[in-house]
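In what follows, a structure is listed as structure tokens, so that the remarks can point back to it.
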Amino acid sequence: MANFQERQGLSELQSGLIYEIVSSLIGAVGALLLSFFFLGGLLGIAIGFLVLLAALVLAILALVRLYGGFSKLEPYVQNMELGKIGAILAVIPFVDFVGWILIGISLYFLGEKYGNDTLKIGGIITAIPIISFIGLILSYSALSYIGNYYPTPSTLGGSQGQGQYQQSYYPPSPPPPQVYQVGQGTLRGNVATFTLYSTDQLIIRRIALEGTDVYAVSFYPSQINRGNNNLTVTLSSVPVNAIQGALYKLKIEFDNNLTLFVNLIYSPS
């Protein structure tokens with residue numbers, strides 16, 4: 001589970017990437033406006049420069065957020081210092097492409113940390129100058145996905161201190177294991193055979209015949225795995241007054257306090 005600082009770092013990276021994406025789009029629009037209005041006098045030139053200035057401000061904000069995000073994640077993810085260096089180099093003309101290469105590498109390592117292939121691919125593409133814009137979009141999308149599991153909690157008012165938040169977030173708990181019988185089990189003498197399907201790995205603690213004092217002296221396997229499991233249970237004795245074709249219920253208790261009843265049809269050995 002990510003802690004508060006880690007969630008903040010992810011959130012800052014996400015906002016830094018969206019700032020950079022918007023900055024690139026506005027910059028492209030500004031360049032087009034400047035070229036179209038260059039012959040239209042000072043007013044056209046002024047509009048183009050204002051749009052480019054807005055793009056520059058957003059780009060600087062993006063790099064500041066990226067630097068802050070990498071800094072917060074540095075204790076938890078390896079090679080985040082490369083992203084910090086990249087955020088600094090990205091504002092320096094002629095070496096800015098080196099900065100984005102380093103940022104892309106750090107995004108790749110983030111993808112490895114959180115097991116997200118889209119972020120790894122986004123980091124690789126971000127490190128390629130000609131198509132880095134596509135990498136930014138992929139990386140932002142991946143961080144948004146990760147952010148659904150590690151959202152930044154809302155901070156409280158300043159009087160209650162930095163880093164406190166109104167509600168802690170916990171990732172959704174995995175669904176409880178599901179176990180059920182497949183087909184019909186048989187009880188031949190004192191040996192029961194049946195098949196169970198399980199969604200998880202579980203250990204059998206105890207088996208007994210429901211409504212009797214008959215219990216299992218051995219069973220195999222003692223642990224069931226995901227999928228179908230064929231079990232053989234040897235009981236302490238044959239049920240009293242057992243009748244061929246009668247239905248018996250076998251009570252199975254698992255290590256997670258789950259109890260399952262298995263139907264068995266009796267036939268003499």
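Just the heavy atoms: all of them, side chains too, but no hydrogens, waters or symmetry mates, feed the values below.
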d(Q181 CD, F261 CZ) to nearest 0.5 Å is 12.5 Å
Checking side-chain contact (heavy atoms from CB on, under 4.5 Å) for the pair W100/L136: CA distance, chi angles, key distance, verdict? CA-CA 10 Å; W100 283 107; L136 293 176; 3.7 Å; yes
Report, as yes or no, whether the 6.0 Å neighbourhood of atom CD1 on I92 holds more than 12 heavy atoms from other residues, nucleotides or ligands. yes
Could you walk me through whether L17 and L143 pass the side-chain contact (heavy atoms from CB on, under 4.5 Å) check? CA-CA 9 Å; L17 289 176; L143 284 172; 3.4 Å; yes
Has the side chain of D255 got a donor or acceptor atom that lies under 3.5 Å from a matching backbone atom of I203? yes
How far apart are the closest heavy atoms of A192 and L250, and which atoms are they? CB-CD2, 4.3 Å
Hey, are the side chains of N79 and I105 touching, using non-hydrogen atoms and a 4.5 Å cut-off? no
Got a donor-acceptor contact below 3.5 angstrom from the S23 side chain to the A55 backbone? yes
Those residues that, when tested against Q78, pass side-chain hydrogen bond (donor to acceptor under 3.5 Å, both in side chains) (two or more places apart): none
Measure the OG1-OH distance between T195 and Y180 for me, rounded to the nearest 0.5 Å. 12.0 Å
When you measure from the side chain of S11 to the backbone N and O of R7, does any donor-acceptor pair fall under 3.5 Å? no
Would you say that I252 contacts F254 through its side chain, given a criterion of any heavy-atom pair below 4.5 Å between the two side chains? yes
Per side chain to side chain contact (heavy atoms under 4.5 Å, CB included), V179 is matched among T259, L260, V262 by L260
Under the side-chain contact (heavy atoms from CB on, under 4.5 Å) criterion, do F194 and T232 qualify, and how do the steps go? CA-CA 7 Å; F194 52 91; T232 300; over 6 Å; no
Going by distance alone, is a donor N or O of one side chain under 3.5 Å from an acceptor N or O of the other, for Q14 and S144? yes
Between Q184 and N263, is there a donor-acceptor pair closer than 3.5 Å when you use the side chain of the first and the backbone of the second? yes
Electrostatic pair E12-K72, nearest N-O below 4.0 angstrom: yes
Derivation and outcome, side-chain hydrogen bond (donor to acceptor under 3.5 Å, both in side chains), residues S132 and T126: CA-CA 4 Å; S132 61; T126 299; over 6 Å; no
Least distance between heavy atoms, G111 atom then L119 atom: N-CD2, 3.5 Å
Tell me, with the steps shown, if I103 and L66 meet side-chain contact (heavy atoms from CB on, under 4.5 Å). CA-CA 9 Å; I103 289 173; L66 289 174; 4.2 Å; yes
Please examine the side chains of F109 and K113, heavy atoms only from C-beta on, and report whether any two atoms are closer than 4.5 Å. no
Main-chain N/O of G227 paired to N229 side chain as donor or acceptor, under 3.5 Å: yes
Is there a side-chain contact between E6 and L73, using heavy atoms and a 4.5 Å cut-off? yes
Do V238 and V214 share a hydrophobic cluster (ILVMFWY, side-chain heavy atoms under 4.5 Å, transitive)? yes
Kindly give the heavy-atom pair with the smallest separation between S139 and G122, and that separation in Å. OG-C, 3.3 Å
What's the separation between atom CG in L107 and atom CD1 in I121, rounded to the nearest 0.5 Å? 13.0 Å
Report the distance from atom CD1 of I137 to atom CD1 of I125, rounding to the nearest 0.5 Å. 10.0 Å
Polar side-chain atom of S267 near backbone of R188 as donor-acceptor pair, under 3.5 Å: no
Looking at N190 and T234, would you say the former's side chain and the latter's main chain have a donor-acceptor pair under 3.5 Å? no
Nearest-0.5 Å distance that lies between atom CG in L110 and atom CG in N116: 10.0 Å
Once rounded to the nearest 0.5 Å, what's the spacing between atom CZ of F219 and atom CG of L231? 9.0 Å
Flag the pair D96 / V91 as yes when at least one side-chain heavy-atom distance between them is below 4.5 Å, and no otherwise. no
Between S106 (side chain) and G83 (backbone), is there a donor-acceptor pair under 3.5 Å? yes
Taking the side chain as C-beta and beyond, is there a heavy-atom pair between V182 and L196 under 4.5 Å? no
